[in-house]
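The structure under discussion appears below in the form of structure tokens.
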Amino acid sequence: MISAPRGTRDILPAESWKWAYIVKTASETMKDFGFSEIHLPIFEHTELFSRGVGETTDIVEKEMYTFNDRGGRSITLRPEATAGVMRCALENNLCVQGASAKLWNWGPMFRHERPQKGRYRQFYQIDAEYLGVPGAMADVEVISLSLELFRRLGLKNLEAVINSVGCEKCRPLYRKKLVEYFSAHKDELCETCLDRLGRNPLRILDCKKESCSHVADGAPDIYDSLCDECREHFAEVRAGLERLGFSYRLSKRLVRGLDYYTKTAYEILSGDLGAQNAVAGGGRYDNLSSAIGGGKVPGVGFACGVDRVMIVMEEQGCSFGVAPEITAYAVALDDASRPAVQVLTYDLRKAGIPAECDASGRSFKAQMKSAGVCRFACIIGSEELSAGTVSVKDMKAGTQENIPVSSAAEYIKARL
RNA sequence: GUGAGUGUAGCGCAAUUGGUUAGAGCUUCGGAUUGUGGUUCCGGCGGUUGAGGGUUCAAGUCCCUUCACUCACCCCA
């Protein structure tokens with residue numbers, strides 16, 4: 001037997017309608033916030049991610065599904081959505097001459113990591129990006145959108161964490177300060193962090209090892225290094241969130257693992273997940289467009305992990321709306337009635353009534369049993385067949401009426 | 001990539017210190033005087049105990065290898 005590859009899974013009927021509910025809720029929320037849906041390729045040129053996400057990131061260094069296609073081009077299954085959205089906007093001139101774009105999409109992402117709770121090799125993200133607007137109001141639009149989505153889904157006990165990671169002007173200075181500081185504490189850092197010291201010192205702040213964390217406590221404060229523009233932007237984002245009534249936690253330690261982030265970085269955490277506790281993450285990325293070879297297009301966005309949202313919603317007993325169900329089950333009393341039963345079933349379906357019938361020749365009793373989970377059983381036997389009628393039984397009330405088969409749909413609709 | 005834990009029927013489980021033919025429950029299918037479901041009762045289907053090797057008179061049980069799953073590290077959605 002061939003099984004699904006590690007880190008992938010099938011979303012079966014028992015679950016798929018819940019996924020549809022999440023996506024539908026997201027779609028409505030996006031619409032209310034003025035975001036338009038787009039569909040993007042699931043694979044892109046490898047270069048898009050190596051340049052956009054950053055050569056030294058974990059994603060690019062060891063997590064991408066990369067292969068050469070038959071034309072010898074290096075192709076990568078998208079590990080995240082933002083780079084692709086930016087590529088799309090640049091390629092289609094969505095943000096020229098001062099225009100902005102609010103775009104959302106959802107679908108599978110791929111990262112070759114060891115699977116664990118809330119982490120899969122093929123996982124699903126709902127992604128929103130606001131492109132072309134450099135000001136803090138755009139950041140607030142995006143963050144409030146993500147929080148509103150979770151409010152509508154009914155998620156409880158979430159924590160929003162926010163930080164500013166500076167821009168190309170002030171981050172190099174801060175980086176230099178960090179390197180100086182951590183170099184003086186080399187003996188207290190773990191091996192990984194020693195490596196990070198040369199490559200990406202900001203990430204040391206994010207290390208969960210106690211010794212590193214302890215050293216990081218005394219590290220220079222990024223807020224002291226922010227340039228005036230970044231400082232002001234950060235203050236405006238915070239003020240904007242507060243005006244909308246959101247509470248959040250400031251964290252100087254929040255450093256996203258992707259290189260393209262500038263200024264705002266944020267995550268939304270849930271205590272009802274495992275170690276992978278982020279249900280959404282995002283921020284501003286004003287350098288991404290030039291990193292992938294386009295003109296200057298600022299942007300801010302977030303990605304939400306659908307798999308993780310699902311875990312939290314199940315954990316918290318959230319509602320997924322109404323499960324799909326069959327309203328009417330047409331039952332054949334004998335073999336001679338089976339064709340008429342299929343005709344009736346089709347007529348009900350044409351009228352918009354979810355209807356079902358047995359196609360495998362099961363007994364009358366077995367058909368009635370299946371009808372038991374439906375609201376109506378529509379029974380046809382020899383008597384009904386010759387009279388052109390159907391016996392419609394209300395399975396909840398236990399009552400039954402013999403009516404012309406031509407009026408069955410109308411009869412059922414009137415009683416729903 | 002590293003570590004730990006777990007693999008018995010479609011599902012969740014049981015099987016004395018290694019000891020007959022691996023068992024019930026749920027699901028599913030069928031039946032209970034031949035045109036009426038849910039409750040109840042009866043019955044059927046269903047397993048190479050993840051796979052391979054070893055120890056033993058004897059392995060679901062012990063050992064090794066391998067695979068898968070789960071959780072954690074790392075990192076992130």
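No hydrogens, no waters, no symmetry mates; every other heavy atom, side chains included, goes into these values. Per chain, numbering begins at 1; letters A, B, ... match sequence-line order. Keep in mind it's a predicted model, so treat the numbers as computed, not measured.
Nucleotides B:C71 and B:G31 are separated by 43 Å at their P atoms, to the nearest Å. Nucleotides B:G3 and B:U55, compared at atom P, are 29 Å apart to the nearest Å. Here the separation of B:C57 from B:G18, taken at their P atoms, is 16 Å to the nearest Å. Taking atom P on both nucleotides, B:G5 is separated from B:U66 by 16 Å, rounded to a whole Å. Taking the P atoms as reference points, B:G10 lies 23 Å from B:U6, given to the whole Å.
Ring orientation note: the planes of A:Trp17 and A:Phe320 are nearly perpendicular, at an angle over 60° on the 30°/60° scale. Between A:Trp106 and A:Tyr124, the ring planes are tilted. Angles from 30° to 60° get that label.
As a whole-Å value, the separation of A:Asp272 CG from B:A77 C1' is 16 Å. In this structure, A:His112 atom NE2 and B:U2 atom P are separated by 11 Å, rounded to whole Å. Residue A:Asp358 contributes atom CG, which lies 14 Å from atom P of B:U28 at whole-angstrom precision. Atom-to-atom, CD of A:Glu129 to C1' of B:A77 comes out at 13 Å; the value is rounded to the nearest Å. Regarding A:Asp58, its CG atom lies at a distance of 14 Å from the P atom of B:C73, rounded to whole Å.
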Protein heavy-atom contacts under 4.0 Å, written 5' to 3' over nucleotides 65-72 of chain B as B (base), S (sugar-phosphate only) or - (none), form the string ---SS-SB
Summarise protein proximity over nucleotides 35-48 of chain B in one line of letters, 5' to 3': B for base, S for sugar-phosphate only, - for none, counting protein heavy atoms closer than 4.0 Å. BBBB----------
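A distance of 6.0 Å or more separates the ring centres of A:Tyr266 and A:Tyr248. A:Phe33 has its ring centre no less than 6.0 Å from the ring centre of A:Trp104.
Residue-level contact check: A:Ala377 touches neither bases nor backbone, having no heavy atom under 4.0 Å from any strand. Within 4.0 Å (heavy atoms only), A:Arg362 reaches sugar-phosphate atoms of the nucleic acid but no base atom. A:Asn402 comes within 4.0 angstrom of no nucleic acid atom, judged by non-hydrogen atoms across all strands.
Checked by atom type, the side-chain pair A:Tyr223/A:Asn163 shows a donor-acceptor distance below 3.5 Å.
Other residues, nucleotides and ligands contribute only 12 or fewer heavy atoms inside 6.0 Å of the NE2 atom of A:His45.
Remark: RNA chain B forms stems of 3 or more consecutive Watson-Crick or G-U wobble pairs, all pair distances under 3.5 Å, at B:1-7 with B:67-73, B:28-32 with B:40-44, B:50-54 with B:62-66.
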I'd like to know whether A:Glu356 forms a salt bridge (charged side-chain N to carboxylate O under 4.0 Å, His left out) with A:Arg349, so could you lay out the CA-CA distance, the side-chain angles of the two residues, the decisive distance to 0.1 Å, and finally the verdict. CA-CA 9 Å; A:Glu356 187 58 288; A:Arg349 289 166 176 167; 3.1 Å; yes
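Figure legend: A:Arg9 and A:Tyr120 shown as a cation-pi pair, the cationic atom lying under 6.0 angstrom from the six-membered ring centre and within 45 degrees of its axis.
With salt bridges taken as basic N to acidic carboxylate O contacts below 4.0 Å, one links A:Arg152 and A:Asp32.
In this structure, the aromatic ring of A:Tyr124 is not positioned over the six-membered ring of the base of B:A77 within 5.5 Å between centres and 30° between planes.
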